[in-house]
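Reminder, nothing fancy here: chain letters follow the sequence lines and each chain counts from 1.
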Protein chains: 2
Amino acid sequence: MKEGPDIARVAALLGDPARANMLTVLMSGRALTAAELAQEAGVTPQTASSHLAKLESGQIVVPRKQGRHRYFTLSGPDIVEALEVLMGIANRVGHNRVRTGPKYPELRKARVCYDHLAGDMGVALFDGLAKRKLIASDVNGVALTPAGIDFATMFGIDLDGLRAKRRPLCRECLDWSARQSHLAGSFGAALLDRFYDLGWARRVPESRIVRFSDTGEKSFRDLINP
Amino acid sequence: MKEGPDIARVAALLGDPARANMLTVLMSGRALTAAELAQEAGVTPQTASSHLAKLESGQIVVPRKQGRHRYFTLSGPDIVEALEVLMGIANRVGHNRVRTGPKYPELRKARVCYDHLAGDMGVALFDGLAKRKLIASDVNGVALTPAGIDFATMFGIDLDGLRAKRRPLCRECLDWSARQSHLAGSFGAALLDRFYDLGWARRVPESRIVRFSDTGEKSFRDLINP
DNA sequence: TTCATAGTTCGATGCTAATCGAAGCATTGA
DNA sequence: TCAATGCTTCGATTAGCATCGAACTATGAA
């Protein structure tokens, strides 16, 4: 008997097309109902129920009841990270499900990864913050520098409020499409919320795509490369 | 039909106990034969052959023939990263295969992750280098600072030789046991080789455990926290 | 040349898991 | 109170996959 973590059990939970579809759509960070997940997965509610029971038992998703609705979310950012890494591998080895249309390039450009910005613009954000020395390495991956703290305050982000949460301010997340890192963590999430608030970007409904306006993208570029 | 990378196919490849055992042992960075992998996986050579064919077809492992032996290695560092992330999840959700004995704590303390140091000491290494400002964030995660370049030279590492290789000098790798990052990349690998050369540490045969001598561990602690 | 070893292929077996129709339970709205 | 909706459970069906004994192929040593 081998010792250590049983990765086969976790991987097997992710390794079914229906469950993978559910988890992928949950990467948007939004809670979804069992019926919605069934539809996204392309299976009947009975089948979806069976899959969700497995995911819940394996602590991959967390349920929450509200009347007769049952909402599900991913159980932690490590699930998002696993899915991103697996997407990167699938992309490299050519296991892609391709449908002609504009959405795929848009997903690569800017999308939500759980609650923060991913895609080429997410990577550019990370790069720009590092180049401006607003973030730097530490044992948790990345942390805000003193200059970064000033910047956050000037940019309208309540750092004290973020620190009150039980999650790291900054965390590095591997971006499958760019094969580089973007910024996760509560600060990363707050930045994306701020872009929404400023009107620079908005979520495309029923999708993980984040669409920047022309002026929003210009402001974004100015922010990371003044 | 959903567009994008087909993570279910990749995850399914990892989601079989026999295949997961093979991949885990390949995380040591060494090439292993089909017979060795069969033994590690606890299956017959026929079964191992079948599994290896799937892993090869899915570009998870790369084969190399040498006489009548067929050696296998992991196809890239992203596979290592995927396995580490899955181990982290398995650890968090309690999917552990536990065997009483000394090895598990030793695996957590110091082990090889493909070709670099992982475990608590790997995380301490990362932390120490960051605190000494020898590494810093950049778009690829981490990079050597100018002070870090000086340090590497003084420590006996041929950076020019490393740069000649087609892989990043520094890369961040999530450590499942510590839930923090350790240092991968060619520089990370060179550091571990240097620890071996200096006699500070050695590989435990047939295992991923890296065992530091008492004086070696003291030198290591002095290095990261002078 | 012959024998031993490494590894693969073939075919059979058995098990697991995904699927859904039918039925049932819990909750909400009329 | 009753009907509608969301969701789960039950049971049957089917497909896929892991397993290994037997046989085969390729390579190396005697």
Can you give the first and last nucleotides of DNA chain D, 5' to 3', that have an atom under 4.0 Å from a heavy atom of chain B?
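Using the under 4.0 Å cut-off, the span is D/dC17 to D/dG28.
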
Validation row: A/L183, A/C170 side chains within 4.5 angstrom (heavy atoms)
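Yes, side chains in contact.
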
Could you list by number each residue of residues 55-69 of chain A showing a heavy-atom separation from DNA chain C of less than 4.0 Å, or answer none if no residue does?
A/G67, A/R68

Please determine if B/R203 and B/E106 form a salt bridge, counting it only when a charged side-chain N lies under 4.0 Å from a carboxylate O.
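Salt bridge absent between B/R203 and B/E106.
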
By side chain to side chain contact (heavy atoms under 4.5 Å, CB included) - contacts of B/A31 (at least two apart):
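Partners of B/A31 under the side chain to side chain contact (heavy atoms under 4.5 Å, CB included) test: B/R64, B/Y71, B/T73.
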
Partner residues of A/Q59 under the side chain to side chain contact (heavy atoms under 4.5 Å, CB included) criterion, sequence neighbours left out
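A/Q59: side chain to side chain contact (heavy atoms under 4.5 Å, CB included) contacts with B/V93.
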
Mind telling me whether A/F195 and A/W200 have parallel, tilted or perpendicular rings, with 30° and 60° as the class edges?
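Aromatic pair A/W200/A/F195 classed parallel.
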
Name the one of B/I7, B/V10, B/L14, B/L86 that satisfies side chain to side chain contact (heavy atoms under 4.5 Å, CB included) with A/L14?
B/L86

Taking atom OH of A/Y114 and atom CD1 of A/I79, what is their separation to the nearest 0.5 Å?
9.5 Å

Separation between CD1 (B/I209) and CZ (B/R108), nearest 0.5 Å, reads 13.0 Å

For A/H51, give me all partners under ring-ring contact (aromatic ring centres under 6.0 Å, His included), at least two apart in sequence or on another chain.
none

Distances under 3.5 Å only, N/O to N/O: pair up the protein atoms with those of nucleotides 16-20 of chain C.
from, atom 1, to, atom 2, distance (Å)
C/dA18, OP1, A/R19, NH1, 2.8
C/dA18, OP1, A/R19, NH2, 3.1
C/dA18, OP2, A/K54, NZ, 2.2
C/dT19, OP2, A/H51, NE2, 2.4
C/dC20, OP2, A/T44, N, 3.2
C/dC20, OP2, A/T44, OG1, 3.2
C/dC20, OP2, A/T47, OG1, 2.9

Return no unless some side-chain N or O of A/R70 is found under 4.0 Å from OP1 or OP2 of C/dA26.
no

Heavy-atom closest contact (A/L37 atom, A/V25 atom, distance):
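That closest heavy-atom pairing would be CD2-CG1, 3.7 Å.
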
